[in-house]
Engineer: 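So that we are looking at the same thing, I have put the structure below in C-alpha coordinates.
Numbering of ligands and ligand atoms starts at 1, following listing order. Not measured: the values here are computed from a predicted model.
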Amino acid sequence: MNGLTTLLLDVDGTLAETEDIHRQSFNRSFKQAGLDWHWSPELYGELLAVTGGKERIRHYLRSYLPDFDVDIKLDEYIAGLHAAKTAIYTTTVASGGVPMRPGVRRLLAEARKAGLRLAIATTTTPVNVTALLHHNLAADSEHWFDVIAAGGVVAAKKPAPDIYYYAMEKLAVHPHECLAIEDSANGLYSAQDAGVTTLVTVSQYTRGQDFEGAALVLDQLGEPDSPFKVISGDAGDHTYVNVDLLQELHARMSE
Ligand code: XBP
Ligand code: MG
(Lines give C-alpha, C1' and ligand atoms only; values in the text may rest on other atoms or scores of the structure.)
(Ligands and ions follow the chains in the order given, each with its own letter.)
Protein backbone atom coordinates (compact mmCIF):
# COMPACT_ATOMS: atom_id res chain seq x y z
CA MET A 1 0.00 0.00 0.00
CA ASN A 2 1.65 3.25 -1.11
CA GLY A 3 -0.91 5.69 0.28
CA LEU A 4 0.08 7.66 3.37
CA THR A 5 -1.29 5.90 6.45
CA THR A 6 1.08 6.85 9.27
CA LEU A 7 2.82 9.94 10.68
CA LEU A 8 6.05 9.35 12.62
CA LEU A 9 6.83 12.29 14.89
CA ASP A 10 10.05 13.34 16.56
CA VAL A 11 9.74 15.04 19.96
CA ASP A 12 12.54 17.44 20.97
CA GLY A 13 12.51 20.47 18.71
CA THR A 14 9.57 19.12 16.68
CA LEU A 15 6.56 18.87 19.00
CA ALA A 16 7.97 21.58 21.28
CA GLU A 17 11.14 23.66 21.73
CA THR A 18 12.43 21.45 24.56
CA GLU A 19 16.18 21.34 23.94
CA ASP A 20 16.93 24.41 26.01
CA ILE A 21 14.90 22.92 28.88
CA HIS A 22 17.13 19.85 28.53
CA ARG A 23 20.22 22.10 28.60
CA GLN A 24 19.11 23.90 31.75
CA SER A 25 18.23 20.56 33.36
CA PHE A 26 21.72 19.23 32.61
CA ASN A 27 23.26 22.36 34.18
CA ARG A 28 21.11 22.05 37.30
CA SER A 29 22.03 18.39 37.69
CA PHE A 30 25.75 19.29 37.38
CA LYS A 31 25.33 21.95 40.09
CA GLN A 32 23.43 19.50 42.31
CA ALA A 33 26.37 17.09 41.94
CA GLY A 34 28.81 19.83 42.99
CA LEU A 35 30.34 20.10 39.52
CA ASP A 36 31.39 23.42 37.97
CA TRP A 37 30.41 22.26 34.48
CA HIS A 38 28.17 24.67 32.58
CA TRP A 39 26.71 24.12 29.13
CA SER A 40 26.09 27.48 27.45
CA PRO A 41 23.63 27.57 24.51
CA GLU A 42 26.64 27.83 22.15
CA LEU A 43 28.37 24.79 23.65
CA TYR A 44 25.08 22.87 23.81
CA GLY A 45 24.51 23.56 20.12
CA GLU A 46 27.79 21.73 19.45
CA LEU A 47 27.09 18.91 21.91
CA LEU A 48 23.75 18.24 20.20
CA ALA A 49 25.72 16.61 17.40
CA VAL A 50 25.58 13.60 19.75
CA THR A 51 22.04 12.37 20.46
CA GLY A 52 21.12 10.86 23.81
CA GLY A 53 21.74 12.57 27.14
CA LYS A 54 24.15 10.00 28.56
CA GLU A 55 26.03 9.82 25.29
CA ARG A 56 26.22 13.63 25.26
CA ILE A 57 27.74 13.78 28.78
CA ARG A 58 30.30 11.13 27.77
CA HIS A 59 31.13 13.08 24.61
CA TYR A 60 31.54 16.27 26.67
CA LEU A 61 33.98 14.57 29.03
CA ARG A 62 36.00 13.05 26.22
CA SER A 63 36.16 16.33 24.28
CA TYR A 64 36.46 18.92 27.06
CA LEU A 65 37.48 17.20 30.29
CA PRO A 66 39.59 14.18 29.27
CA ASP A 67 41.29 14.05 32.68
CA PHE A 68 38.03 14.01 34.61
CA ASP A 69 38.16 11.09 37.00
CA VAL A 70 35.74 9.60 39.51
CA ASP A 71 36.18 6.77 42.01
CA ILE A 72 33.30 4.78 40.57
CA LYS A 73 32.71 3.38 37.10
CA LEU A 74 32.27 6.32 34.68
CA ASP A 75 29.17 4.72 33.15
CA GLU A 76 27.53 4.52 36.57
CA TYR A 77 28.53 8.10 37.34
CA ILE A 78 27.08 9.35 34.04
CA ALA A 79 23.90 7.31 34.54
CA GLY A 80 23.49 8.89 37.98
CA LEU A 81 23.92 12.41 36.59
CA HIS A 82 21.51 11.67 33.77
CA ALA A 83 18.88 10.27 36.13
CA ALA A 84 19.09 13.48 38.17
CA LYS A 85 18.80 15.52 34.97
CA THR A 86 15.76 13.53 33.88
CA ALA A 87 14.06 14.11 37.24
CA ILE A 88 14.67 17.86 36.90
CA TYR A 89 13.45 17.87 33.29
CA THR A 90 10.24 15.94 33.97
CA THR A 91 9.44 18.13 36.98
CA THR A 92 9.92 21.26 34.86
CA VAL A 93 7.83 19.93 31.98
CA ALA A 94 5.17 18.51 34.31
CA SER A 95 4.52 22.02 35.59
CA GLY A 96 3.00 22.65 32.15
CA GLY A 97 3.88 25.88 30.36
CA VAL A 98 5.81 24.15 27.55
CA PRO A 99 3.83 25.22 24.48
CA MET A 100 3.56 22.91 21.52
CA ARG A 101 5.18 24.45 18.46
CA PRO A 102 2.82 26.35 16.11
CA GLY A 103 0.63 24.00 14.13
CA VAL A 104 1.39 20.83 16.13
CA ARG A 105 -1.88 20.65 18.05
CA ARG A 106 -3.93 21.48 14.93
CA LEU A 107 -2.10 19.04 12.63
CA LEU A 108 -2.38 16.17 15.12
CA ALA A 109 -6.12 16.79 15.37
CA GLU A 110 -6.50 16.96 11.57
CA ALA A 111 -4.40 13.81 11.08
CA ARG A 112 -6.47 11.85 13.61
CA LYS A 113 -9.69 13.07 11.98
CA ALA A 114 -8.35 11.98 8.58
CA GLY A 115 -7.69 8.50 10.01
CA LEU A 116 -3.90 8.71 9.88
CA ARG A 117 -2.10 6.67 12.53
CA LEU A 118 0.29 8.57 14.78
CA ALA A 119 3.52 7.33 16.36
CA ILE A 120 6.54 8.84 18.07
CA ALA A 121 10.19 8.09 17.24
CA THR A 122 12.48 9.97 19.62
CA THR A 123 15.89 9.68 21.23
CA THR A 124 14.76 11.16 24.51
CA THR A 125 13.95 9.13 27.65
CA PRO A 126 10.37 7.75 27.72
CA VAL A 127 9.32 9.56 30.93
CA ASN A 128 10.22 12.86 29.24
CA VAL A 129 7.75 12.09 26.45
CA THR A 130 4.99 11.13 28.87
CA ALA A 131 5.47 14.32 30.91
CA LEU A 132 5.49 16.53 27.81
CA LEU A 133 2.40 14.98 26.25
CA HIS A 134 0.37 14.57 29.43
CA HIS A 135 0.97 18.06 30.86
CA ASN A 136 1.34 20.11 27.70
CA LEU A 137 -0.67 18.50 24.89
CA ALA A 138 -3.63 16.73 26.55
CA ALA A 139 -4.08 14.44 29.54
CA ASP A 140 -5.00 11.54 27.26
CA SER A 141 -2.64 12.44 24.41
CA GLU A 142 -0.31 9.48 24.96
CA HIS A 143 -3.18 7.37 23.66
CA TRP A 144 -3.31 9.34 20.41
CA PHE A 145 -0.10 7.54 19.44
CA ASP A 146 -0.28 3.86 18.47
CA VAL A 147 3.42 3.52 19.33
CA ILE A 148 5.80 5.66 21.41
CA ALA A 149 9.33 4.56 20.51
CA ALA A 150 11.78 6.39 22.79
CA GLY A 151 15.21 6.38 24.34
CA GLY A 152 17.07 3.17 25.00
CA VAL A 153 14.62 0.79 23.26
CA VAL A 154 17.21 0.66 20.50
CA ALA A 155 20.98 0.44 20.94
CA ALA A 156 21.94 2.87 18.16
CA LYS A 157 20.41 6.34 18.48
CA LYS A 158 19.79 8.89 15.71
CA PRO A 159 21.25 9.38 13.10
CA ALA A 160 21.02 5.58 13.02
CA PRO A 161 17.65 4.46 11.54
CA ASP A 162 16.97 1.99 14.40
CA ILE A 163 14.30 3.98 16.26
CA TYR A 164 12.28 4.38 13.03
CA TYR A 165 12.65 0.68 12.16
CA TYR A 166 11.56 -0.16 15.69
CA ALA A 167 8.48 2.10 15.50
CA MET A 168 7.43 0.75 12.08
CA GLU A 169 7.90 -2.84 13.21
CA LYS A 170 5.65 -2.23 16.23
CA LEU A 171 3.11 -0.52 13.93
CA ALA A 172 3.46 -3.31 11.34
CA VAL A 173 3.69 -0.70 8.60
CA HIS A 174 5.96 -0.34 5.58
CA PRO A 175 8.20 2.74 5.22
CA HIS A 176 6.39 3.65 1.99
CA GLU A 177 3.15 4.33 3.86
CA CYS A 178 4.84 6.64 6.40
CA LEU A 179 5.93 10.26 6.62
CA ALA A 180 8.21 11.60 9.36
CA ILE A 181 8.39 15.08 10.83
CA GLU A 182 11.79 16.01 12.28
CA ASP A 183 13.72 19.12 13.34
CA SER A 184 17.36 18.02 13.13
CA ALA A 185 19.82 16.66 10.57
CA ASN A 186 20.41 13.62 12.82
CA GLY A 187 16.68 13.01 12.85
CA LEU A 188 16.35 13.48 9.10
CA TYR A 189 19.19 10.99 8.40
CA SER A 190 17.62 8.49 10.81
CA ALA A 191 14.20 8.61 9.13
CA GLN A 192 15.63 8.79 5.62
CA ASP A 193 17.91 5.78 6.18
CA ALA A 194 14.83 3.89 7.34
CA GLY A 195 13.26 4.69 3.96
CA VAL A 196 10.79 7.26 5.28
CA THR A 197 9.87 10.52 3.49
CA THR A 198 10.70 13.36 5.88
CA LEU A 199 9.41 16.89 6.42
CA VAL A 200 11.74 19.11 8.48
CA THR A 201 10.66 22.03 10.67
CA VAL A 202 13.89 23.61 11.87
CA SER A 203 14.15 24.50 15.55
CA GLN A 204 16.09 26.78 17.91
CA TYR A 205 19.23 24.64 17.78
CA THR A 206 19.03 23.21 14.27
CA ARG A 207 18.69 26.21 11.94
CA GLY A 208 21.48 26.07 9.39
CA GLN A 209 21.99 22.29 9.60
CA ASP A 210 22.27 20.29 6.36
CA PHE A 211 18.83 18.93 5.38
CA GLU A 212 19.83 17.38 2.06
CA GLY A 213 17.18 14.91 0.91
CA ALA A 214 14.29 16.28 2.99
CA ALA A 215 10.93 16.37 1.15
CA LEU A 216 10.46 19.95 2.41
CA VAL A 217 12.24 22.19 4.95
CA LEU A 218 10.18 24.83 6.78
CA ASP A 219 10.67 27.22 9.70
CA GLN A 220 7.52 25.77 11.36
CA LEU A 221 4.30 23.85 10.54
CA GLY A 222 2.44 27.17 10.50
CA GLU A 223 -1.21 28.08 11.06
CA PRO A 224 -3.91 29.45 8.73
CA ASP A 225 -3.23 32.92 10.18
CA SER A 226 0.53 32.49 10.54
CA PRO A 227 2.14 31.06 7.38
CA PHE A 228 5.34 29.01 7.38
CA LYS A 229 8.50 30.09 5.58
CA VAL A 230 9.89 27.63 3.02
CA ILE A 231 13.62 27.10 3.61
CA SER A 232 13.98 24.53 0.83
CA GLY A 233 11.68 22.45 -1.35
CA ASP A 234 8.31 23.08 -2.99
CA ALA A 235 5.19 23.64 -0.87
CA GLY A 236 2.99 24.49 -3.83
CA ASP A 237 0.22 26.92 -2.81
CA HIS A 238 0.21 25.79 0.81
CA THR A 239 0.98 28.34 3.55
CA TYR A 240 0.64 25.96 6.55
CA VAL A 241 1.12 22.21 6.89
CA ASN A 242 -2.10 20.22 6.70
CA VAL A 243 -2.93 16.63 5.78
CA ASP A 244 -3.30 17.57 2.10
CA LEU A 245 0.26 18.89 1.95
CA LEU A 246 1.56 15.79 3.75
CA GLN A 247 -0.20 13.56 1.22
CA GLU A 248 1.16 15.64 -1.67
CA LEU A 249 4.70 15.39 -0.30
CA HIS A 250 4.32 11.68 0.26
CA ALA A 251 2.93 11.10 -3.26
CA ARG A 252 5.69 13.24 -4.79
CA MET A 253 8.45 11.35 -2.96
CA SER A 254 6.86 7.97 -3.86
CA GLU A 255 7.00 8.71 -7.62
C1 XBP B 1 16.79 14.71 21.06
C2 XBP B 1 17.92 14.18 21.86
C3 XBP B 1 17.73 13.84 23.29
C4 XBP B 1 17.57 15.07 24.15
C5 XBP B 1 17.85 14.79 25.62
O6 XBP B 1 15.77 13.85 20.95
O7 XBP B 1 18.97 14.01 21.31
O8 XBP B 1 18.85 13.15 23.71
O9 XBP B 1 18.47 16.07 23.76
O10 XBP B 1 17.05 13.76 26.09
P11 XBP B 1 14.77 13.82 19.67
P12 XBP B 1 17.68 12.59 27.00
O13 XBP B 1 15.06 12.57 18.94
O14 XBP B 1 13.39 13.84 20.25
O15 XBP B 1 15.01 15.05 18.85
O16 XBP B 1 18.58 13.27 27.99
O17 XBP B 1 16.49 11.94 27.63
O18 XBP B 1 18.43 11.70 26.08
MG1 MG C 1 14.45 16.52 17.51
Engineer: Evaluate Thr86 for polar contact with ligand 1, using N/O atom pairs at a separation under 3.5 Å.
Structural biologist: no
Engineer: Any carboxylate oxygen within less than 4.0 angstrom of a Lys/Arg side-chain nitrogen, looking at Lys54 and Asp75?
Structural biologist: no
Engineer: Do you reckon Leu179 sits in the same ILVMFWY cluster as Val200, going by side-chain contacts under 4.5 Å, direct or chained?
Structural biologist: no
Engineer: Is the distance from the Mg ion (ligand 2) to some N, O or S atom of Asp183 under 2.8 Å?
Structural biologist: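 So Asp183 does bind the Mg ion (ligand 2) by this criterion.
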Engineer: Take the angle between the ring planes of Phe26 and Trp39 and call it parallel below 30°, perpendicular above 60°, tilted in between.
Structural biologist: tilted
Engineer: List ligand 1 atoms under 4.0 Å from Asp10, heavy atoms only on the residue side.
Structural biologist: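 Taking each heavy atom of Asp10 in turn, ligand 1 has 11 (P), 13 (O), 14 (O), 15 (O) under 4.0 Å.
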Engineer: Show me which atoms of ligand 1 lie under 4.0 Å from any heavy atom of Tyr44.
Structural biologist: 9 (O)
Engineer: Are Tyr205 and Asp20 linked by a side-chain donor-acceptor pair shorter than 3.5 Å?
Structural biologist: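 There is such a pair (donor and acceptor under 3.5 Å, judged by atom type) between the side chains of Tyr205 and Asp20.
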Engineer: So which of the N, O or S atoms of Asp10 lies nearest the Mg ion (ligand 2)?
Structural biologist: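 Atom name of the closest N, O or S in Asp10: OD2.
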Engineer: What do we get for His82 next to ligand 1 when only non-hydrogen atoms under 4.0 Å count, side chain, backbone, both or neither?
Structural biologist: side chain
Engineer: Could you list which atoms of ligand 1 come closer than 4.0 Å to a heavy atom of Val11?
Structural biologist: 14 (O)
Engineer: Would one find an N, O or S atom of Glu19, in either backbone or side chain, under 2.8 Å from the Mg ion (ligand 2)?
Structural biologist: no
Engineer: Check this for me - ligand 1, Thr123, N or O atoms closer than 3.5 angstrom, yes or no?
Structural biologist: yes
Engineer: Distance to 0.1 Å, residue and atom name: give those for the protein heavy atom nearest to atom 1 (C) of ligand 1.
Structural biologist: Glu19 OE2, 3.3 Å
Engineer: Considering only heavy atoms, does Lys157 approach ligand 1 within less than 4.0 Å through its side chain, its backbone, both, or neither?
Structural biologist: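 Near ligand 1, Lys157 shows nothing, with every heavy atom at 4.0 Å or more.
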Engineer: Touching ligand 1 at all, Lys54? Heavy atoms, strictly under 4.0 Å?
Structural biologist: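 In this structure, Lys54 fails to qualify as a contact of ligand 1 - no heavy atom is under 4.0 Å.
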Engineer: Just by modelled atom types, is the Asp219 backbone N or O under 3.5 Å from a matching donor or acceptor in the Arg207 side chain?
Structural biologist: no
Engineer: Show your working on side chain to side chain donor-acceptor pair (under 3.5 Å) between Asp244 and His238 and close with a plain yes or no.
Structural biologist: CA-CA 9 Å; Asp244 288 349; His238 295 274; over 6 Å; no
Engineer: Going by side chain to side chain donor-acceptor pair (under 3.5 Å), Asp12 matches just one of Thr206, Thr18, Asn128. Which one?
Structural biologist: Thr18
Engineer: Have a look at Ile21, Thr124, Thr18 and point out the one with the heavy atom closest to atom 10 (O) of ligand 1.
Structural biologist: Thr124
Engineer: If two hydrophobic side chains count as joined below 4.5 Å and joins carry through other members, does Leu118 share a cluster with Leu245?
Structural biologist: yes
Engineer: Considering heavy atoms of the protein only, find what lies nearest to atom 7 (O) of ligand 1 and give residue, atom and distance to 0.1 Å.
Structural biologist: Arg56 NH2, 2.9 Å
Engineer: So which protein heavy atom does atom 14 (O) of ligand 1 come closest to, and at what separation?
Structural biologist: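 Protein heavy atom at minimum distance: Thr122 OG1, 2.5 Å.
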Engineer: Which heavy atom of the protein is the closest neighbour of atom 6 (O) of ligand 1, given with residue, atom name and distance?
Structural biologist: Asp12 OD2, 3.1 Å
Engineer: Can you list the atoms of ligand 1 that are under 4.0 Å from a heavy atom of Asn128?
Structural biologist: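 Listed by number with element: 17 (O).
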Engineer: Between Glu182 and Tyr164, is a side chain to side chain donor-acceptor pair (under 3.5 Å) present by the stated rule, with each step listed?
Structural biologist: CA-CA 12 Å; Glu182 271 282 357; Tyr164 280 96; 2.6 Å; yes
Engineer: Just by modelled atom types, is the Lys158 backbone N or O under 3.5 Å from a matching donor or acceptor in the Thr51 side chain?
Structural biologist: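 Between the backbone of Lys158 and the side chain of Thr51 there is a qualifying donor-acceptor contact (under 3.5 Å).
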Engineer: Are more than 12 heavy atoms, taken from residues, nucleotides or ligands other than Gln204, located less than 6.0 Å from that residue's CD atom?
Structural biologist: yes
Engineer: Starting from the Mg ion (ligand 2), look over the N/O/S atoms of Asp12 and name the nearest one.
Structural biologist: O
Engineer: Quick check against the 3.5 Å criterion: does Thr14 have a side-chain atom that pairs as donor or acceptor with the backbone of Asp183?
Structural biologist: yes
Engineer: Looking at Gly53, which atoms of ligand 1 are within less than 4.0 Å of one of its heavy atoms?
Structural biologist: 8 (O), 12 (P), 16 (O), 18 (O)
Engineer: Can you sort out which atoms of ligand 1 are near Gly52, meaning under 4.0 Å from one of its heavy atoms?
Structural biologist: 7 (O), 8 (O), 18 (O)
Engineer: Pair Glu19, Arg23 - check salt bridge (Lys or Arg N to Asp or Glu O under 4.0 Å), show working.
Structural biologist: CA-CA 6 Å; Glu19 277 303 354; Arg23 179 183 71 83; over 6 Å; no
Engineer: Considering only heavy atoms of Thr125, which atoms of ligand 1 have at least one such atom less than 4.0 Å away?
Structural biologist: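 Listed by number with element, the hits are 12 (P), 17 (O).
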